[in-house]
Amino acid sequence: MAFSDDIIGWYAQNKRDLPWRHTKDPYVIWLSEVILQQTRVEQGLPYFHRFLLHYPNVQAFANAPEDELLMHWQGLGYYSRARNMHKAARAVVAEHGGVFPSRYADLIKLKGIGEYTAAAIASFAADEPKAVVDGNVFRLLARYFGIDTPINSTNGKKLFFQLAEELLDTGHPGLYNQGVMEFGALQCRPKNPRCGSCVLRLDCRALKEGRVDQLPVKLKGKASRNRYFNYFIVTEDDRLLMNKRGKGDIWENLYELPLIETPHAVTVQELESREEVIACFGEHAALQLVAGPVKHVLSHQNLFAQFVAVGAPQIPDGKKMPWNYVFIKDLGTLAKPKLIYSFLRDYGLNYT
DNA sequence: TACACGTGGCC
DNA sequence: TGGCCAAGTGT
């Protein structure tokens with residue numbers, strides 16, 4: 001009892017004034033929660049405003065083309081979130097008459113809504129007693145109870161979810177859930193936690209045992225792999241050759257320049273004599289390095305990209321590759337990965 | 001069930 | 001600098 005009272009009391013004094021905290025509309029809460037998955041508030045904030053402006057309700061969201069949603073999502077990362085939100089919005093229109101659900105059992109069935117997000121929406125919008133367990137909660141509980149079971153292990157997840165459910169203030173689930181997360185974000189933060197001023201300091205096991213900086217424990221994942229991307233700049237008058245990425249790899253359904261990936265770093269000269277390059281651009285194409293190699297770090301990959309201008313290209317049939325010429329003035333309507341739009345901007349391919 | 005999926009900020 | 005982390009989910 002004391003734990004949830006301390007959390008709710010602390011929250012009343014210390015909570016930030018965030019726009020999604022002024023509503024009980026499950027659609028608006030859904031927008032904010034998905035945007036905030038694995039994303040800092042400061043990074044997500046402008047996207048929240050943008051999506052609410054363009055798509056004030058779930059019908060508007062469902063009616064939008066996927067390309068347009070991805071364009072507005074550009075730069076936020078984890079693009080499957082936008083694609084899954086599209087599917088979820090259409091399911092809400094088709095199966096819930098356009099009324100966004102606020103029950104956990106309905107929410108959990110929607111694409112892109114997992115245990116955390118379903119609990120968040122259900123508790124914030126309708127005070128359904130479901131405990132949220134996000135990174136903040138894992139960290140707070142690991143420290144407060146001095147638990148060194150890895151938070152990303154199967155056992156750890158079971159343990160922390162069970163504990164969170166027991167601690168939930170069933171009288172004020174929404175308030176308590178927002179409180180624990182905010183507490184984890186501002187007070188029991190990952191680095192330099194503010195233990196000196198913490199209302200839980202007398203009961204915190206990790207603080208008592210001097211283990212605050214060792215908790216939570218997290219199993220290390222696999223090391224990143226390196227990939228070598230050779231991007232080609234092929235223009236025809238005021239048009240630029242672009243590629244829409246497919247399934248099964250990074251940046252699904254986003255647009256990029258024509259790409260040839262090589263198993264290791266290659267020079268432009270080596271590139272010129274490669275079969276695939278000749279097959280794509282003809283024997284007499286003149287290649288010239290324009291930029292790179294640029295290192296672009298993803299969560300599980302290190303990309304090394306170089307950008308190569310193609311002079312005198314002879315594109316064989318255009319049917320073999322899924323490449324299409326796009327008017328340079330229209331480039332802004334296409335969703336592109338950060339690596340690509342940064343290059344286009346720096347290269348002076350300006351579009352408005 | 002581990003692992004893949006983006007980007008930016010911090011030290 | 002490079003590694004870790006940030007309101008997770010799908011497969």
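Order of the sequence lines fixes the chain letters, A, B, ..., with proteins taken first and strands second; residue numbering starts at 1 for each chain.
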Angle class for the A/His86/A/Phe61 ring planes (parallel below 30°, perpendicular above 60°, tilted otherwise)? tilted
Could you tell me the separation between the NZ atom of A/Lys157 and the P atom of C/dG10, rounded to a whole number of Å? 13 Å
Going by side chain to side chain donor-acceptor pair (under 3.5 Å), name the residues that satisfy it together with A/Glu182, two or more places apart in sequence or in a different chain. A/Arg16, A/Arg21
Want to settle it: does A/Leu18 or A/Lys111 sit nearer the 5' end of DNA chain C, counting the closest nucleotide to each? A/Leu18
Which whole-number value in Å describes the distance from A/Arg139 CZ to C/dC4 P? 16 Å
Which whole-number value in Å describes the distance from A/Leu110 CG to C/dT9 P? 12 Å
Side-chain touch A/Tyr79/A/Trp251, heavy atoms, less than 4.5 angstrom: yes
Say you pick atom P in B/dG6 and the same atom in C/dG2; how far apart are they, in whole Å? 23 Å
Would you be so kind as to tabulate the donor-acceptor pairs closer than 3.5 Å made by side chains of residues 208-217 of chain A, with sequence neighbours excluded?
unit_1   : atom_1 : unit_2   : atom_2 : d
A/Glu209 : OE1    : A/Arg211 : NE     : 2.9
A/Glu209 : OE1    : A/Arg211 : NH2    : 2.9
A/Glu209 : OE2    : A/Arg205 : NE     : 2.7
A/Arg211 : NH2    : A/Gly146 : O      : 2.9

Does anything in residues 170-184 of chain A reach DNA chain C, meaning a heavy atom under 4.0 Å, and if so which residues? A/Met181
Could you write nucleotides 5-11 of chain B as a row of B, S and -, 5' to 3', where a protein heavy atom under 4.0 Å of any base atom gives B, of only sugar-phosphate atoms gives S, and otherwise -? BBBB-B-
Length of the NZ-P vector between A/Lys109 and C/dT9, whole Å: 17 Å
Using atom CH2 of A/Trp30 as one end and atom C1' of C/dG8 as the other, report the distance to the nearest whole Å. 15 Å
Looking across every strand, which nucleic acid part, if any, lies under 4.0 Å from A/Asn152 by heavy atom: base, sugar-phosphate, or nothing? nothing
Hey, does A/Arg245 reach any base, or is it just sugar-phosphate, or nothing, if we go heavy atoms under 4.0 Å? nothing
For residues A/Ser197 and A/Gln187, is any side-chain donor paired with an opposing acceptor at under 3.5 Å? yes
Taking atom types as modelled, find out whether A/Glu68 and A/Tyr55 have a side-chain donor-acceptor pair closer than 3.5 angstrom. yes
Has A/Lys220 got a side-chain N or O lying under 4.0 Å from the OP1 or OP2 atom of C/dC4? yes
Roughly, in whole Å, what's the span from CG in A/Leu219 to C1' in B/dC3? 13 Å
A/Glu166: what forms a salt bridge (charged side-chain N to carboxylate O under 4.0 Å, His left out) with it, not counting sequence neighbours? none
Using whole Å, report how far NZ of A/Lys222 lies from P of C/dC4. 16 Å
Please work out if A/Trp20 contacts a base, only the sugar-phosphate, or nothing of the nucleic acid, heavy-atom cut-off 4.0 Å. base
Using the six-membered ring wherever Trp is involved, compare the ring planes of A/Phe343 and A/Tyr347 and label them parallel, tilted or perpendicular (cut-offs 30° and 60°). parallel
Check whether any side-chain nitrogen or oxygen of A/Lys247 sits under 4.0 Å from OP1 or OP2 of C/dG10, and answer yes or no. no
With a 3.5 Å cut-off and no angle check, do the side chains of A/Glu33 and A/Tyr116 form a donor-acceptor pair? yes
Over how many whole Å does the gap from A/Leu303 atom CG to B/dA4 atom P extend? 14 Å
Please classify the nucleic acid contact of A/Gly221 as base, sugar-phosphate, or nothing, using heavy-atom distances under 4.0 Å. nothing
For A/Phe304, what are the other residues in its hydrophobic cluster, where any two members join if their side-chain heavy atoms are less than 4.5 angstrom apart? A/Tyr228
Indicate, with a heavy-atom threshold strictly under 4.0 Å, whether A/Ser32 touches base, sugar-phosphate, or nothing. nothing
